[in-house]
Amino acid sequence: MKFNLRSLLPQNPHTYVGSRLARPLTLLVLLPVVVRSCIHLFSADGGAQSIAGIDISVAGGSNIVALFHQWGAIQLILAALLLVIFFRYPGFTPLVLLTLLADPVMREVAGKIAPVTAVGTPPGAALNTPAFIVVLLLLLLSLVERGGKRRV
């Protein structure tokens, strides 16, 4: 088993050489990212109170909701871009996974800088570590070269 870090930026982005299992599983990781983005963008409270348990009845609560909507918009743009790259350039699957891996890491950093006060543990916080582990394993799978180049 050999890890090829050059797969992150392959010379031919149309050719994917990693584990065949990594691509369909990556798609299964990308779909909840799209759903999460849509919830933040389109739900009445942006998911701030209904999902994350943040009290929006406080002064500035409408700003909290607005920030959640804006966050959802940015997440949706990123998710759409990652999906385009994923389908159009299979060779960039490791790069897509590296980008997805940055999400739980940066959430953790942001949470340490400014912790969120909520009624319970928001799903994003509860799922950070499992998401990191799953995406890291997928990234490693995508970097493993298996018996020559494959066109996917």
Side-chain angles (χ1 to χ4, degrees), residues 3-5 7-10 12-56 61-144 146 150-152:
F3 290 103
N4 183 1
L5 292 179
S7 294
L8 287 170
L9 292 172
N12 182 359
H14 297 285
T15 302
Y16 172 69
V17 296
S19 167
R20 289 182 189 252
L21 185 60
R23 284 204 32 94
L25 292 176
T26 298
L27 185 57
L28 289 177
V29 170
L30 278 166
L31 293 177
V33 172
V34 172
V35 170
R36 172 188 73 185
S37 306
C38 290
I39 289 170
H40 286 305
L41 181 59
F42 299 116
S43 68
D45 69 347
Q49 185 166 4
S50 60
I51 296 171
I54 296 170
D55 185 4
I56 59 172
S62 61
N63 288 333
I64 295 169
V65 172
L67 286 172
F68 268 70
H69 286 299
Q70 290 175 16
W71 184 24
I74 294 299
Q75 284 180 329
L76 191 56
I77 291 168
L78 177 61
L81 181 60
L82 290 175
L83 282 168
V84 167
I85 292 169
F86 178 81
F87 284 113
R88 180 69 175 97
Y89 303 106
F92 282 140
T93 299
L95 185 61
V96 168
L97 285 162
L98 183 62
T99 303
L100 290 171
L101 189 65
D103 183 52
V105 171
M106 296 310 293
R107 281 175 190 259
E108 188 67 29
V109 169
K112 297 294 185 205
I113 293 169
V116 174
T117 302
V119 173
T121 304
L127 296 173
N128 248 4
T129 300
F132 176 81
I133 293 168
V134 167
V135 176
L136 178 61
L137 291 174
L138 286 175
L139 175 60
L140 293 174
L141 268 178
S142 75
L143 293 173
V144 172
R146 305 259 181 186
R150 292 184 196 126
R151 193 162 172 87
V152 176

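For this chain, numbers begin at 1 and follow the sequence in order. Just so we're clear, the structure is a prediction, and the values are computed from it rather than from any experiment.
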(request) For the pair Arg23 (side chain) and Gly18 (backbone), establish whether a donor and an acceptor sit closer than 3.5 Å, ignoring hydrogens and angles. (result) no
(request) Kindly indicate whether the side chain of Pro94, heavy atoms from C-beta on, has any atom under 4.5 Å from the side chain of Leu139. (result) yes
(request) Using side chain to side chain donor-acceptor pair (under 3.5 Å) as the criterion, list what pairs up with Ser50, not counting sequence neighbours. (result) Asp45
(request) Might you point out which heavy atoms bring Ala52 and Pro122 nearest each other, and give the distance in Å? (result) O-CG, 3.7 Å
(message) As an exercise, state the distance from OG of Ser19 to CG of Leu140, rounded to the nearest 0.5 Å.
(response) 11.0 Å
(message) Quick one, Phe92 and Leu9 - any side-chain contact, counting heavy atoms below 4.5 Å?
(response) yes
(request) Run the numbers on Thr99 and Leu78 for side chain to side chain contact (heavy atoms under 4.5 Å, CB included), then give the verdict. (result) CA-CA 10 Å; Thr99 303; Leu78 177 61; 4.3 Å; yes
(message) As an exercise, state the distance from CG of Leu30 to CG of Leu100, rounded to the nearest 0.5 Å.
(response) 5.0 Å
(message) Using 0.5 Å steps for rounding, measure from the CG atom of Leu101 to the CG atom of Leu138.
(response) 10.0 Å
(request) Output the distance between atom CG (Leu137) and atom CG (Leu25), rounded to the nearest 0.5 Å. (result) 10.5 Å
(request) Looking only at non-hydrogen atoms, find the nearest pair between Gly46 and Val65 and report the distance. (result) N-CG1, 4.4 Å
(message) Counting C-beta onward and ignoring hydrogens, is there a side-chain heavy-atom pair between Leu76 and Val34 closer than 4.5 Å?
(response) yes
(request) Report the distance from atom CD1 of Ile77 to atom CG of Leu41, rounding to the nearest 0.5 Å. (result) 9.0 Å
(message) Are Tyr16 and Ser142 packed together at the side-chain level, in the sense that at least one heavy-atom pair is separated by less than 4.5 angstrom?
(response) yes
(message) Applying side chain to side chain contact (heavy atoms under 4.5 Å, CB included) to Ile54 and Phe68, what does each step give before you reach the verdict?
(response) CA-CA 11 Å; Ile54 296 170; Phe68 268 70; 3.6 Å; yes
(message) Quick check: do Leu95 and Ile85 have side-chain heavy atoms less than 4.5 Å from each other?
(response) no
(message) For His40, is there any backbone N or O sitting under 3.5 Å from a side-chain donor or acceptor partner on His69?
(response) yes
(message) Quick check: do Val17 and Ser7 have side-chain heavy atoms less than 4.5 Å from each other?
(response) yes
(message) Once rounded to the nearest 0.5 Å, what's the spacing between atom CG of Leu8 and atom CG of Leu97?
(response) 9.5 Å
(message) Give me the atom names and distance for the closest heavy-atom approach of Phe87 to Leu27.
(response) CZ-CD1, 3.8 Å
(message) Under the rule for salt bridge (charged side-chain N to carboxylate O under 4.0 Å, His left out), what residues qualify as partners of Asp103, not counting sequence neighbours?
(response) Arg36, Arg107
